Chemist: 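Following this message is one structure expressed as structure tokens.
Not measured: the values here are computed from a predicted model.
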Amino acid sequence: PPVQQILLWGKGVQKYLSAILTDLLEEDAGGFAAALFLGDRDVLPDQVKRDFGRLGISHILALSGMHLTVVTGFAGALGRRIGRRWGTGFSIGVAILYMIISGFTPSVTRAGIMLLICMFLKIFGKGSDSFTNLGIAVCTILLCSPGAARDVGLLLSFWGVLAVLLYNQAT
């Protein structure tokens, strides 16, 4: 099916980019960068995996909305050099590519949908509401994959973002 082909292509891109990072930064640093930014833990040295596990911080290596935000923010900064609209378009492309590379994990997909809504509205000169974006993102994920309602990553992502939004609104 086309979805599996897209996911396989994304895994291939992930492995290709991991190889580039490993070559550029050498094995240890490159493996860490590939795990942190691309979610490819296969190139992470075993000692580092054990250290992260012992410290109880291996969740840092799980791709999340934070990772997507950092990567698209960097892409946006690069893209602004070619113009505001082109830069936003470049960020949209990077966000979609990152969601594919991540295998459409629920937290990255939630963040990606919210980010894409904001960017498309920005292109058309409209404002957006974070609560509405969060609702649209979660509903879209659940319509496409009803089983995602049982995914702890999606639940933590949704409730975490909702809590931050409510806190920001209260302050």
Side-chain angles (χ1 to χ4, degrees), residues 1-11 13-14 17 21 33-41 56-171:
V3 173
Q4 284 182 333
Q5 289 177 343
I6 291 170
L7 290 174
L8 286 173
W9 178 81
K11 192 67 167 171
V13 171
Q14 180 192 58
L17 293 174
L21 284 172
L36 186 63
F37 294 115
L38 302 171
D40 186 3
R41 294 185 188 182
I57 58 172
S58 56
H59 65 278
I60 292 173
L61 300 175
L63 292 183
S64 66
M66 177 198 71
H67 295 85
L68 175 75
T69 304
V70 168
V71 170
T72 54
F74 183 70
L78 287 176
R80 279 191 202 94
R81 294 182 173 269
I82 57 173
R84 191 171 188 93
R85 286 184 189 239
W86 285 104
T88 303
F90 181 65
S91 292
I92 288 171
V94 168
I96 292 169
L97 178 64
Y98 198 80
M99 289 191 308
I100 293 169
I101 288 172
S102 77
F104 290 101
T105 59
S107 60
V108 172
T109 304
R110 188 255 334 131
I113 293 170
M114 290 180 72
L115 194 64
L116 290 172
I117 292 168
C118 287
M119 286 193 262
F120 278 116
L121 290 173
K122 185 178 180 180
I123 288 173
F124 296 112
K126 305 287 183 186
S128 67
D129 173 56
S130 297
F131 289 101
T132 304
N133 295 350
L134 178 62
I136 291 170
V138 170
C139 287
T140 302
I141 291 169
L142 294 176
L143 283 172
C144 294
S145 178
R150 294 184 304 268
D151 187 284
V152 174
L154 178 64
L155 294 172
L156 289 172
S157 176
F158 170 76
W159 289 109
V161 170
L162 183 61
V164 169
L165 294 175
L166 290 171
Y167 177 78
N168 282 343
Q169 187 180 39
T171 59

Chemist: Which pair of non-hydrogen atoms, one from Ala95 and one from Leu115, has the smallest distance, and what is that distance?
Modeler: CB-CD2, 4.4 Å
Chemist: I need the minimum non-hydrogen distance between Met99 and Leu116, along with the two atoms involved.
Modeler: CE-CD1, 3.7 Å
Chemist: Could you pull out all residues at least two apart from Lys11 that satisfy side chain to side chain donor-acceptor pair (under 3.5 Å)?
Modeler: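 Counting only residues at least two positions away or on another chain, Lys11 forms a side chain to side chain donor-acceptor pair (under 3.5 Å) with Gln14.
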Chemist: Can you list, pair by pair, the side-chain donor-acceptor contacts under 3.5 Å of residues 135-153, counting residues two or more places apart and other chains?
Modeler:
unit_1 : atom_1 : unit_2 : atom_2 : d
Thr140 : OG1    : Ile136 : O      : 2.7
Asp151 : OD1    : Gly153 : N      : 2.8
Asp151 : OD1    : Leu154 : N      : 2.9

Chemist: Between Phe74 and Val70, does the side-chain contact (heavy atoms from CB on, under 4.5 Å) criterion hold? Intermediate values first, please.
Modeler: CA-CA 6 Å; Phe74 183 70; Val70 168; 5.7 Å; no
Chemist: Looking at Phe37, is its backbone amide N or carbonyl O close enough to the side chain of Tyr98 to form a donor-acceptor pair, meaning the two atoms are under 3.5 Å apart?
Modeler: yes
Chemist: Could you list the residues that satisfy side chain to side chain donor-acceptor pair (under 3.5 Å) with Ser157, not counting sequence neighbours?
Modeler: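 Applying side chain to side chain donor-acceptor pair (under 3.5 Å) to Ser157 gives Arg110.
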Chemist: Taking only residues two or more places apart in sequence or in another chain, which ones pass side-chain contact (heavy atoms from CB on, under 4.5 Å) with Ala111?
Modeler: Leu68
Chemist: From Leu7 CG over to Ser102 OG, what is the distance, rounded to the nearest 0.5 angstrom?
Modeler: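 With rounding to 0.5 Å, CG (Leu7) is 9.0 Å from OG (Ser102).
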Chemist: So, taking the atom named CG in Asp40 and the one named CG in Leu63, what distance separates them when rounded to the nearest 0.5 Å?
Modeler: 9.5 Å
Chemist: How far does CZ of Phe104 sit from CD1 of Ile113, to the nearest 0.5 angstrom?
Modeler: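 The CZ atom of Phe104 sits 9.0 Å away from the CD1 atom of Ile113.
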Chemist: Run the side-chain contact (heavy atoms from CB on, under 4.5 Å) check on Thr132 and Ile117 step by step: do they pass?
Modeler: CA-CA 10 Å; Thr132 304; Ile117 292 168; over 6 Å; no
Chemist: Measuring from atom CZ of Arg41 to atom CG of Leu36, what distance do you get when rounded to the nearest 0.5 angstrom?
Modeler: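 Arg41 CZ to Leu36 CG: 10.5 Å, rounded to 0.5 Å.
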Chemist: Which heavy atom of Met114 sits nearest a heavy atom of Ser130, and at what distance?
Modeler: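 Distance-wise, the nearest heavy atoms are CE-O, 3.7 Å.
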Chemist: Partners of Ser58 by side chain to side chain donor-acceptor pair (under 3.5 Å), sequence neighbours excluded?
Modeler: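 By the side chain to side chain donor-acceptor pair (under 3.5 Å) rule, Ser58 matches no residue at all.
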Chemist: Show me, pair by pair, the donor-acceptor contacts under 3.5 angstrom made by side chains of residues 87-94, not counting sequence neighbours?
Modeler:
unit_1 : atom_1 : unit_2 : atom_2 : d
Thr88  : OG1    : Arg84  : O      : 3.0
Ser91  : OG     : Gly76  : N      : 3.2
Ser91  : OG     : Gly87  : O      : 3.2

Chemist: Once side-chain contact (heavy atoms from CB on, under 4.5 Å) is applied, do any residues pair with Ser128, and if so which ones, sequence neighbours excluded?
Modeler: Cys118, Leu121, Asn133
Chemist: Output the distance between atom CG (Leu156) and atom NE2 (His59), rounded to the nearest 0.5 Å.
Modeler: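 Leu156 CG to His59 NE2: 11.0 Å, rounded to 0.5 Å.
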Chemist: According to side-chain contact (heavy atoms from CB on, under 4.5 Å), who are the partners of Leu162, at least two apart in sequence or on a separate chain?
Modeler: Phe131, Leu134, Phe158, Trp159, Leu166
